[in-house]
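This report refers to the structure that appears directly beneath it.
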There are 2 protein chains.
Amino acid sequence: MDAQPESQIVDAVLNAISEQRLPAGAKLGEQALSELFNCNRANVRRALASLAAKQVVELRPNRGAFVVTPSAQEAREIFQARRAIERTIARQAVARVRDEDVAYLRANIAAETEARARRDKPAELRLSQQFHMYLARLSGNRVLERFLAELTMRSTLILGMYPSAKHACSNCDDHVGIVDALMARDEELLLRLTDEHLRHLEAELNFDLPPVSSVSLKDQLLGSPA
Amino acid sequence: MDAQPESQIVDAVLNAISEQRLPAGAKLGEQALSELFNCNRANVRRALASLAAKQVVELRPNRGAFVVTPSAQEAREIFQARRAIERTIARQAVARVRDEDVAYLRANIAAETEARARRDKPAELRLSQQFHMYLARLSGNRVLERFLAELTMRSTLILGMYPSAKHACSNCDDHVGIVDALMARDEELLLRLTDEHLRHLEAELNFDLPPVSSVSLKDQLLGSPA
DNA sequence: TTAACAAAGATTGTTAACAAAGATTGTCAT
DNA sequence: ATGACAATCTTTGTTAACAATCTTTGTTAA
């Protein structure tokens, strides 16, 4: 039972971005994708049109499809939007959360800390995104869930483009506090912690050095000389 | 200088929905669109894929593309999302609004009241949407602006599906108060009025009688008998 | 008259071939 | 060696034809 090739491609691209296997600016060639998924180019083009409408890829006429490269300004807008949306999600979640949800979230946090110990960045990113998306699902509002899915996707790209100077993102610790507030049904505390968590993430971004890195081979082949 | 046929189609569909010329459930045939816009079906299909990713049309395999028909549950979710987003938009707008913006908004309100007097429903809907979208633009956050564009589009569909029982939606009056609060830079009042405005709109929806109206000819040819 | 069935028509899905534009490579003159 | 130019190659864009599916229409039997 093969799924629709279109959504198959969309999901694959989204997953690859979630784990930072696909960096910002990467090119998505039509032929490459059609061969990779054993489908014709028509389906590839539909998938790319969908991804473009989701603001995940950029379609440059006669050039092809590229993973978007959010600017610093866009990064600010994205995090501001996340604060607005996750705030409402948190308010809904605190009214609906059950014990099994708390159990899931705690397991997620444990898995993320372990992934971090293993220096498994892809797993860490994926688990962190799953944490936020689980809360979104818990809110019961599919519109907000979809919006947040788009924003977390672009947030991952941003984290890859402007990596934090300090290696120690206090990510998991924030999550612990959020789950505690959820379990305590302390809405006020939950809202404050959620907002602060997103501000922490944003504050750690480093917009300085890599303004428009030439994405291609030069940096990948020749490591920066001493 | 012809624009891209794809975005031409997308814009036309979006505008038609904004003015309730295209009702929920309407079918968008590929051949019809390709003839209407003098382009081949490939472009039509890309446009439909974009609209589907924007949640404006639904793609049913081997059936075609249809304007979405939001359920009552989705309507609640959409208005909840609007409250979350327009709240943040309002907070940004109150910090950036200039006198000329107030002038524009007042002119918009005047035009909307006049359109209502003329019983010009399409113009009224379009102007009301423009009011909200102008504030979104004013916020300076393109992400929130795009989200709200999607939500106002679907809100218009919802208003068409579940029309208010009372003919008197207090729409324009709410807008007047919002602009006054904006001009006074009274953030607290502005947030309250914005939230109440959206709750008014939602409260006026009538989910009772037309659960899944057979969209087609029967109702259009045979008016409901006495 | 109604229900089931079959044929015809229309619509969507798939594929391949061709055209157009961009990117790359190689050459030549300065 | 460097820069401009030209030929070649690769990639995207367009079009048309064909296949598969659904919808409608027409017929027949109960």
Side-chain angles (χ1 to χ4, degrees), chain A residues 1-13 22-23 25-54 56-69 212-222, chain B residues 1-13 22-23 25-54 56-69 212-222:
Chain A
M1 55 169 80
D2 284 348
Q4 292 296 92
E6 180 200 325
S7 50
Q8 210 176 324
I9 296 175
V10 171
D11 292 345
V13 170
L22 262 183
K27 172 158 190 182
L28 301 174
E30 296 186 358
Q31 179 171 298
L33 289 174
S34 68
E35 288 172 4
L36 210 52
F37 291 91
N38 292 322
C39 64
N40 49 35
R41 277 172 51 210
N43 287 340
V44 172
R45 288 165 77 74
R46 288 211 320 179
L48 292 176
S50 289
L51 289 167
K54 291 188 206 296
V56 170
V57 310
E58 183 185 359
L59 252 39
R60 277 180 259 181
N62 292 320
R63 293 286 183 77
F66 301 82
V67 177
V68 294
T69 62
V212 280
S213 74
S214 60
V215 188
S216 24
L217 293 188
K218 202 177 93 181
D219 307 332
Q220 302 183 359
L221 295 183
L222 296 75
Chain B
M1 56 169 80
D2 284 349
Q4 293 296 92
E6 180 200 324
S7 50
Q8 211 177 324
I9 296 174
V10 171
D11 291 346
V13 170
L22 262 183
K27 170 157 190 182
L28 301 174
E30 296 187 358
Q31 179 171 297
L33 289 174
S34 67
E35 287 170 4
L36 208 53
F37 290 91
N38 293 318
C39 64
N40 50 35
R41 278 173 51 209
N43 287 335
V44 172
R45 288 167 78 77
R46 287 212 319 179
L48 293 176
S50 289
L51 289 167
K54 290 187 206 297
V56 171
V57 311
E58 184 185 0
L59 251 40
R60 277 180 260 181
N62 291 323
R63 294 285 180 77
F66 301 83
V67 177
V68 294
T69 62
V212 280
S213 74
S214 60
V215 188
S216 24
L217 293 187
K218 203 176 93 181
D219 307 332
Q220 303 182 0
L221 295 183
L222 297 73

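To find a chain, count down the sequence lines: A is the first, B the second, and so on, and within it residues start at 1. The basis for the numbers below is simple: all heavy atoms, side chains too, and nothing from hydrogens, waters or symmetry mates.
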>> Under 4.0 Å from a heavy atom of chain B: give me the 5'-most and 3'-most nucleotides of DNA chain D that qualify.
In response: D:dT14 to D:dT23

> More 5' along DNA chain C: A:Pro61 or A:Ala42, using each one's nearest nucleotide?
Replying inline: A:Ala42

> Do B:Lys27 side-chain atoms and B:Arg63 backbone N/O form a donor-acceptor pair below 3.5 Å?
Replying inline: yes

> Given side chains that start at C-beta, do those of B:Ile9 and B:Ser50 come closer than 4.5 Å, heavy atoms only?
Replying inline: no

> Can you tell me how far C1' of C:dG13 sits from CZ of B:Arg60, to the nearest Å?
Replying inline: 17 Å

>> At 4.0 Å (heavy atoms only), tell me whether A:Arg41 reaches a base, stays on the sugar-phosphate, or touches nothing.
In response: base

>> Please classify the nucleic acid contact of A:Asn40 as base, sugar-phosphate, or nothing, using heavy-atom distances under 4.0 Å.
In response: base

> Where do A:Leu22 and A:Val13 come nearest, in terms of heavy atoms and distance?
Replying inline: CD1-CG1, 4.0 Å

> How about B:Val44 and B:Gln31: do any of their side-chain heavy atoms sit closer than 4.5 Å?
Replying inline: no

>> How many whole angstroms separate atom CD of A:Glu6 from atom P of C:dG13?
In response: 10 Å

> Is there a Watson-Crick or G-U wobble partner for C:dT24 with both distances under 3.5 Å, and which nucleotide is it?
Replying inline: D:dA7

>> I want to confirm an ordering. Mapping A:Cys39 and B:Leu28 to their closest nucleotides on DNA chain C, which one lands closer to the 5' end?
In response: B:Leu28

> Which heavy atom in B:Phe66 sits nearest to a heavy atom in B:Gly25, and how many Å separate them?
Replying inline: CD2-O, 3.7 Å

>> Any strand counts, and the cut-off is 3.5 Å on both contacts for Watson-Crick or G-U wobble. Which nucleotide pairs with C:dA19?
In response: D:dT12

>> According to salt bridge (charged side-chain N to carboxylate O under 4.0 Å, His left out), does anything in residues 36-50 of chain B pair up with another residue at least two apart or in another chain? List the pairs.
In response: B:Glu6-B:Arg46, B:Glu30-B:Arg41, B:Glu30-B:Arg45

